[in-house]
Amino acid sequence: MDVILHGLTDAQTDAVTHIDGPLLILAGPGSGKTRVVTHRIAYMIRQGVPPSQIAALTFTNKAADEMRARVEHLAPGKAVWMGTFHRFCAQLLRRYASMVGLTENYSIYDSSDAKQAMKRAIEAADISTSHTSPEQIATTISNAKNRLVTAEMMMAGNKRSGPTMAAKVYPVYQQQLLTANAVDFDDLLLHVALLLKEHPELRQELDSRFRYILVDEYQDTNLAQYAIVRGLSIDHPNLSVTGDPDQSIYGWRGADINNILDFEKDYPSVKTVRLEQNYRSTPNILRAADQLIRHNRRRKNKELYTHNDEGDAVTLRIYDNGYEEADGIVDEIANAIAVEGLRPRDFAILYRMNALSRSIEHSMRRRNLPYQIINGLEFYQRKEIKDLLAYMHLINNPKHDVALQRVINTPTRGIGTKTIAYLRSHADRHGITMLEAARRVDQIDGLAKRSATAVKRFVDLYDHLAIKATATLEDLIRSIVEETKYEEHLLKTVVDGQDSSAVANVDEFITAGVEFDRYHPDDGSLELFLEQTALVADTDAFEDNTDRVTVMTLHAAKGLEFPRVFVIGVEDGLLPHSRSKDTDSGFEEERRLLFVGITRAKERLQLSCCKSRTMRGESRPAISSPFFNELPLDEMRRVESEFERNWFDDDSQDDYPESWDLPDEDEEDDNFGSEAAASVKETEQPPFDESCQLPEEELKELVAKTKKKAKPVMGLKTAADLMSGASTTPVTAYREGNWVRHGEHGEGRIVSVTGRGPKRTATIRFDDGEHRFRLAFCELELIDS
DNA sequence: GTCCCCCTTTTCACT
DNA sequence: AAAGGGGGAC
């Protein structure tokens, strides 16, 4: 038997050897889907399909990379197009830009660029936002784009009641994007979909250029994506899609689960293959997943089964609060590594919201466990990186107004909001870009001469930098940094008492440029670099060949697997999320999300919730998720921290379990930050205890440095921290009632805590009386919380 | 025009 | 908790 077909089950072989005609692969979690897809590509090539006629579309670069690596292994050196939908479209659009009114150096706005542009459009459309918010309008327009609704269609849509706010803003926003030679994420898909629809000859050409199309995660495609693959599969309907309706979790992004549920209707001659055997999880885990997902009404039934060993019971666990949850789990991981010889890479901690990563991160640091957090605020979102990128964007695409507004006064050069507003309105009035307006600054009435001079100076600077547009990236970035005196600017403004991480980030960015230069010696271009940075996804940051605990959202975890998985915050309002639980479809999607989380686990799984959780600065009682009652509780291990109690009495038939009683008097944790603590009058406080403070000079300096956005030293070194090196205990861990140790006064109990941020102070009662400390800048050791 | 402080708002997941 | 906006001081 050959390497391509060896070791495949009958169903898998069926799928792999299907070449022509539509194919639907319904693949349950852990059913070897990627294996089937990659082997199929290799098989197709071996059967004579030219690799250049194959395109494999995925949702993340990571998935594409993995696919590429595996195909390369089976069929070395074959140039199959693999990548994300967005990248596929970006490249097509690059080529056919003029057909939609763009030029090939168009820019891709990221979400914050788009937000800025949206605000400007709302302003220009002269819409009052009293009954709606820019976010709402943006969401409405985004949804419209995902459903292939154009501005004209939306305008025509509601003739009776007159156009909605969003319908009025949409054409303005779109026009401004065109003027800026830019697209937003949704446009990448929309433009290409419309291109295929409106230009039959182009559609035909591309259809035969990409005769074989494979789509991964088909359950997550939206109408625009559907239209694109459909348009490319009319003359050559060799479309194969892979997916699992039970793992559809992107409805909020316009994904239409009907695309996969109705695939057989769209392509009557389809061959359907079901992959239901699971090679990943233990029966215990699979049963939990299966029983949960059976509660969804709108689904295709699927029998999941596995021949794996029984394994351990799934654990359900209640913690008192988020800190204990984080500490408990991290301790357990550390323990398992020490005792059972597991590796950090064997573990994943998953949650619904990025906000939950904070406590985990603290605990990880304290335990000195290596971890990787895959979350939103990544490198390219950092202010200093966005600044430099904006310069590059503007150089690549002089029409990029958002970039211009970002850099025109960064570093500050005397061009304030007023002047920028003049430029903007002049640009809007004459239908030109803001850079053009800046060049004609003399024609703008009412602008102070001084401002005009500053603007001219900026234009000169820009023109000087623009010479470097075709230089290497390293050269370009270094020029920008030097000629704008960017690092001096950083040192002046971003002096957060913390460190010089901003400058370090700039260095790292230069390194990224150097690497790009090396990786693209010939085809390297500013354009390509900017496209790549615009289209990197959070999940792309995941590294699977590193030995670290993975911490990420349930969404980001799709497609991955880990021997041991912890899903935290399985609470009502969190999972299901309060914004999603009110509609049936939303609620079912949340259930699928938990299903995805559960099925990431190979050997062991714990789902946990807390009795109280601190969110957005305040602690509130939490209720366990209604999904708990949909699990096979009888066979699961149920643990409550502190004392074992059999929760979920068998007679509780309610859909929603009751909330647990709040902790009793001894536990004042939940009063933290409460009115009582905050209302203590400052004047009645004893003066600061200088013995705990840094020397006054130093303190003043630190306080002075602690500017608005800067991250002050918001933590205290504890003895344990000092031993382990880097990390600190968050100031918020110092609450009323907790015991601390101080070098001079000995042990004391925190009487009250007032103030926020760096001004947070604590009054502590020691044997020698009460003393008051400014928490952010003194060293206390937390001994008992 | 710029900087800084204070107040208000925010509500999720991601390309 | 964190970011953005408004208003006041220089």
Side-chain angles (χ1 to χ4, degrees), chain A residues 58-63 83-90 108-112 114-116 119 133-136 139 142 145-146 183-189 217 220-222 224-225 249-255 350-356 358-359 374-378 381 383 409 411-421 448 450-451 454 492-493 531 534-541 552-558 569 573-581 586 589-590 592-593 596-597 614-619 673 704 706-711 714 730-732 756-757 759-760:
Chain A
T58 61
F59 276 79
T60 63
N61 294 304
K62 180 196 66 188
T84 64
F85 260 104
H86 285 83
R87 205 178 285 276
F88 183 74
C89 291
I108 301 169
Y109 277 5
D110 70 16
S111 18
S112 68
K115 198 174 158 196
Q116 288 302 116
K119 278 186 189 161
S133 66
E135 287 77 20
Q136 243 170 344
T139 307
S142 174
K145 287 183 175 180
N146 288 329
V183 300
D184 63 21
F185 282 130
D186 302 319
D187 281 341
L188 285 172
L189 305 175
E217 309 284 10
D220 288 328
T221 50
N222 59 33
Q225 289 161 325
I249 53 176
Y250 285 101
W252 52 274
R253 212 169 66 184
L350 311 178
Y351 40 76
R352 180 64 169 81
M353 285 195 306
N354 278 312
L356 296 186
R358 200 160 287 275
S359 55
I374 316 296
N375 76 357
L377 271 172
E378 269 311 311
Q381 304 280 338
K383 183 189 170 304
N409 198 34
T412 51
R413 41 178 83 91
I415 303 173
T417 46
K418 268 265 178 63
T419 309
I420 295 175
R450 187 172 153 168
S451 306
K492 233 183 339 200
T493 55
E531 178 186 305
L535 296 180
V536 285
D538 294 342
T539 47
D540 296 337
M552 62 180 158
T553 64
L554 289 161
H555 282 91
K558 195 170 64 158
L574 219 47
L575 183 66
H577 193 273
S578 49
R579 293 265 311 235
S580 306
K581 58 186 242 184
E589 183 158 312
E590 296 290 308
R592 291 193 291 269
L593 198 48
V596 167
T614 307
M615 296 272 332
R616 231 167 61 219
E618 62 177 344
S619 163
T706 308
K707 295 188 182 171
K708 186 180 121 195
K709 282 189 185 170
K711 297 251 179 189
M714 288 302 290
V731 168
T732 48
R756 293 181 149 249
K759 289 186 181 164
R760 190 182 210 87

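All values derive from a computational prediction rather than experimental measurement.
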5' precedence on DNA chain B between A/Glu590 and A/Phe59 (nearest-nucleotide basis): A/Glu590

Whole-Å distance separating the CH2 atom of A/Trp252 from the P atom of B/dA13: 8 Å

Side chain of A/Arg253 - closest among B/dT15, B/dT2, B/dC12: B/dT15

Listed nucleotide nearest any side-chain atom of A/Thr84, set B/dT15, C/dG4, B/dC12: B/dT15

5' priority, DNA chain B, between A/Ile415 and A/His577 [closest heavy atom]: A/Ile415

Interatomic distance, A/Leu350 CG vs B/dC14 P [rounded to whole Å]: 12 Å

Qualifying residue for side chain to side chain contact (heavy atoms under 4.5 Å, CB included) with A/His555, from A/Leu350, A/Val596, A/Leu593: A/Leu593

A/Asn354 vs B/dC14: side-chain N/O to OP1/OP2 distance below 4.0 Å: yes

Student check: side-chain heavy atoms of A/Ile249 and A/Leu554 closer than 4.5 Å: no

Where A/Glu590 and A/Pro576 come nearest, the two heavy atoms and their spacing: OE1-CA, 3.3 Å

Phosphate OP1/OP2 of B/dC14 contacted by A/Thr553 side-chain N/O (<4.0 Å): yes

Rounded interatomic separation in angstrom, taking CG from A/Asn146 and C1' from B/dC14: 12 Å

Closest listed nucleotide, where the reference is the side chain of A/Arg352 and the choices are B/dA13, B/dT15, B/dG1: B/dA13

A/Asn222 and A/Arg253, any side-chain heavy atoms less than 4.5 Å apart: no

C1' spacing across the pair C/dG4 / B/dA13, given as an integer number of angstrom: 22 Å

Euclidean distance, atom CG of residue A/Leu554 to atom C1' of B/dC12 [Å, nearest integer]: 11 Å

Heavy-atom side-chain contact between A/Thr58 and A/Glu217 under 4.5 Å: no

Spacing of A/Met615 atom CE relative to C/dA2 atom P, expressed in whole Å: 12 Å

Between P of C/dA3 and CD of A/Gln116, the distance in whole Å: 15 Å

B/dT15 OP1/OP2 closer than 4.0 Å to side-chain N/O of A/Asn61: no

Out of B/dC14, B/dG1, C/dG4, whichever nucleotide has its closest atom nearest the side chain of A/Lys119: C/dG4

Protein-nucleotide distance (A/Lys558, atom NZ; B/dC14, atom C1'), rounded to Å: 11 Å

OP1 or OP2 of C/dA2 under 4.0 Å from side-chain N/O of A/Arg358: yes

Gap between atoms NZ and P, on A/Lys418 and B/dG1 respectively (whole Å): 6 Å

Derivation of the side chain to side chain donor-acceptor pair (under 3.5 Å) call for A/Asn61 and A/Arg87: CA-CA 9 Å; A/Asn61 294 304; A/Arg87 205 178 285 276; 3.2 Å; yes

Presence of A/Ser578 side-chain N/O under 4.0 Å of B/dC12 phosphate oxygens OP1/OP2: no

Under 4.0 angstrom between A/Thr419 side-chain N/O and B/dG1 OP1 or OP2: yes

Touch class at under 4.0 angstrom, heavy-atom based, for A/Asn409 against every strand present: sugar-phosphate

